[in-house]
Amino acid sequence: MTATLNPPEAERSEKPASRRGDRIFAGLARGAGLTILLALAAVFIFLFVEGWNGLNAEEATYRPATDFLGYIGPLILSTILAAIIALIVAVPFAIGIALFISHYAPRRLATPVAYVIDLLAAVPSVVFGLWGGRYLADLLQPVHVWLHDRLGFLPFFGPDPASPNGRSLFTAGIVLAIMILPIITAISREVFAQTPRLHEEAALALGATRWEMIRYAVFPYARSGMVSGVMLGLGRALGETMAVAMVLAVTPVATLNVIGTASPATIASNIALNYKEATPSRQSLLIATGLVLFAVTFAINFFARWIVGRNERKQAKA
Amino acid sequence: MAKSIDVSDLNIYYGDFLAVEGVSMTIKARSVTAFIGPSGCGKSTMLRSLNRMHEVIPGARVEGKVMVDGQSLYGPDVDPVAVRRSIGMVFQRPNPFPTMSIYDNVLAGSRLNSRKLSKADADDIVERSLTHANLWNEVKDRLGKPGQGLSGGQQQRLCIARAIAVEPEVLLMDEPCSALDPISTSAIEDLIHELKSDYTIVIVTHNMQQAARVSDETGFFNLKAAGQPGHLVEFNATKKMFTNPDEPATEAYISGRFG
Ligand SMILES: Nc1ncnc2c1ncn2[C@@H]1O[C@H](COP(=O)(O)OP(=O)(O)OP(=O)(O)O)[C@@H](O)[C@H]1O
Ligand SMILES: [Mg+2]
């Protein structure tokens, strides 16, 4: 290759020396991206092939329901309810903590708080499950009664009596909230901290209070990062297996009531609870439910991105 | 409601680093005061201590006295947020809010001050402020577009419009024209002349002609040596500063023989 060291003038200007580095890096980046897509496709194909038979098997497979939709419907409902509870509880906390760390706390306090929250992410989900089922459920049982007494007219808290032991979808949702708190906090904190000083000072110099400054400068800047954080948290909440399996008292009957004696399992925890003992056709069915979970997660992600993108497009057009 | 500012023995720190030392000066109401001096001598720092923007930097603090119309700016019961509402600021680098429209950018301060603005009042403030800042004609057909889509010079004029929209008592400008073309610069200078009848204006500039053109009084800041704190060398009427300054260092700097 030494011959190319002194190419004629014209050729050199077409191929500057930096091009090779660019090409290698572009190749690496493209390769990494393709690998991820391939892995995703492989998972999808696996679920599809293995689960296909589960979509229209004999009626008996779907016991106690009689067809696939009847079987998975209650599971989807529980999955989504638990994830919604988790988000409702976790998102305000996570954003509050992230703001505290990035904009309110003195550095001496912010660093240890951030560290402790990050540590939460390292606790295995089985441990959360044990803790949630044995301790938190008892602790939250009075809350179940309270919710039922005050808000029992809503389908989510009535009309059936509240769970006597707290092993409800509500408790499972709270455990999920604690589990997804670290990821949402960590991502929000990072984007909050990167808000350009210039824009923060623009707000402050107009006489904004700290909270007004956050509304003017920090949130608009951080919005898409916050959505990413929430989506990652949501993904984890939808897919979490052990913690839900260990907390929730399960019934196959669909219900909106999240504080009742029992709820259907979530898709992921249902797979974990049943896979070992299942017959081959039953296993296909469980894999098919995994395929549906995959699709639901995807759909929710796309939907959220679309909402955010639409807002931004609207803003740019106005 | 212009106000005068009395500074005495002001030391300004970033943590342990003393950036500006021992400044005393009187900034007259309804006049334009210019700060000049070499880069890094603490002009921006000095300016930011006049509306308590200095202290938003972690560890930054001041010692000494700043009196605005006889009231201590750093008194224990003075709310820095209220201070900044009445002492406006234009920064060295343009900083419109990127996600806000041009219209909303101009109104950002007014919306903080009095939340309820009728549409007519809002339109009025926007048109008046943008006209003042010599930007109205360029943007009047795209007020709903984001401020980020403007050129650098247009963004700076938008920031000026935003600052004067709230009719502050004092306006601090940190090299407001460093990103502007000569036409916009002269428009801003006209604006400064115009505002002078109602406001107190302090402007930092690297442009000697500009200081000579717009200001009534000038303060010359300098560093004794690299790493030393900046200090105020001379503070005098602009006419005197540019014709017959008291200090030889001032003369050397103004005539370009710096050292
Ligand atoms: N955020 C900061 N933290 C620590 N030191 C700072 C900070 N900002 C400025 N300084 C220091 O304070 C001194 C004065 O800086 P300042 O920005 O006030 O200079 P200036 O006169 O405005 O310069 P220029 O003309 O280049 O804008 C410099 O030594 C600078 O390094
Ligand atoms: Mg400066």
Side-chain angles (χ1 to χ4, degrees), chain A residues 95 99-114 188-189 191-228 305 307-318, chain B residues 44 47-48 50-59 79-113 115 142-149 155 158-159 162-166 168 171-174:
Chain A
I95 290 180
L99 274 180
F100 176 77
I101 292 170
S102 67
H103 281 85
Y104 282 90
R107 193 160 308 155
R108 257 175 310 116
L109 199 59
T111 317
V113 170
S188 306
R189 182 186 76 208
V191 286
F192 289 163
Q194 278 164 25
T195 312
R197 260 221 93 74
L198 218 57
H199 297 137
E200 293 180 358
E201 294 199 339
L204 290 175
L206 284 172
T209 60
R210 202 179 316 212
W211 171 240
E212 287 166 334
M213 180 272 279
I214 286 166
R215 271 187 20 232
Y216 272 41
V218 178
F219 282 158
Y221 176 81
R223 191 169 48 194
S224 99
M226 281 155 70
V227 171
S228 292
R305 288 279 155 210
I307 297 257
V308 177
R310 195 189 53 165
N311 280 345
E312 260 151 36
R313 278 192 300 278
K314 213 192 275 165
Q315 222 165 30
K317 230 187 295 161
Chain B
S44 300
L47 197 71
R48 290 164 60 94
L50 297 181
N51 72 340
R52 299 194 61 168
M53 275 303 287
H54 179 63
E55 68 204 48
V56 308
I57 293 166
D79 178 8
V81 168
V83 167
R84 294 178 203 133
R85 284 187 184 183
S86 65
I87 305 184
M89 182 158 212
V90 177
F91 291 79
Q92 203 163 345
R93 280 164 62 199
N95 56 0
F97 297 114
T99 54
M100 276 188 204
S101 67
I102 295 173
Y103 188 91
D104 290 334
N105 257 291
V106 177
L107 287 177
S110 316
R111 290 208 168 119
L112 293 175
N113 287 315
R115 267 144 221 289
R142 46 169 171 159
L143 292 173
K145 288 259 163 43
Q148 197 78 338
Q155 288 185 24
L158 178 58
C159 293
R162 182 177 65 188
I164 58 181
V166 294
L171 188 57
L172 308 174
M173 304 173 109
D174 195 349

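For clarity, every value in this text was computed on a predicted model and none was experimentally measured.
Nearest approach of A:Ala202 to B:Asn95, heavy atoms of both residues: CB-ND2, 3.3 Å. Taking both residues in full, the closest heavy atoms of B:Val56 and A:Glu201 are given as CG2-OE2, 3.8 Å, listed atom of the first, atom of the second, then distance.
Remark: A:Tyr216 OH to B:Thr99 OG1 distance equals 11.0 Å, nearest 0.5 Å. The distance from the CE atom of A:Met213 to the CG atom of B:Leu112 is 12.0 Å, given to the nearest 0.5 Å. Note: B:Leu107 CG to A:Leu206 CG = 11.0 Å, rounded to the nearest 0.5 Å. If you take CG on A:Leu204 and CD on B:Glu55, they are separated by 10.0 Å, rounding to the nearest 0.5 Å. Rounded to the nearest 0.5 angstrom, A:Thr209 OG1 and B:Arg85 CZ are separated by 7.0 Å.
Highest contact tally toward chain A, considering only B:Pro98, B:Ala82, B:Gly149, B:Gly88, is held by B:Pro98 [criterion: heavy-atom pairs under 4.5 Å]. Of the listed residues B:Arg93, B:Met53, B:Met89, the one with more heavy-atom pairs under 4.5 angstrom with chain A than any other is B:Met53.
Using a 4.5 Å cut-off between heavy atoms, B:Arg162 touches chain A through backbone and side chain atoms alike. With a 4.5 angstrom heavy-atom cutoff, B:Pro94 touches chain A only via backbone atoms. Heavy-atom distances place no part of B:Pro168 under 4.5 Å from chain A, backbone and side chain included. Only the backbone of B:Ile87 comes within less than 4.5 Å of a heavy atom of chain A; no side-chain atom from C-beta onward does. Looking at A:Arg210, neither its backbone nor its side chain comes within 4.5 Å of chain B, counting heavy atoms on both sides.
Ion pair B:Arg84/A:Glu212 not flagged as a salt bridge, since none of the NZ, NE, NH1 or NH2 atoms sits closer than 4.0 Å to an Asp/Glu carboxylate oxygen.
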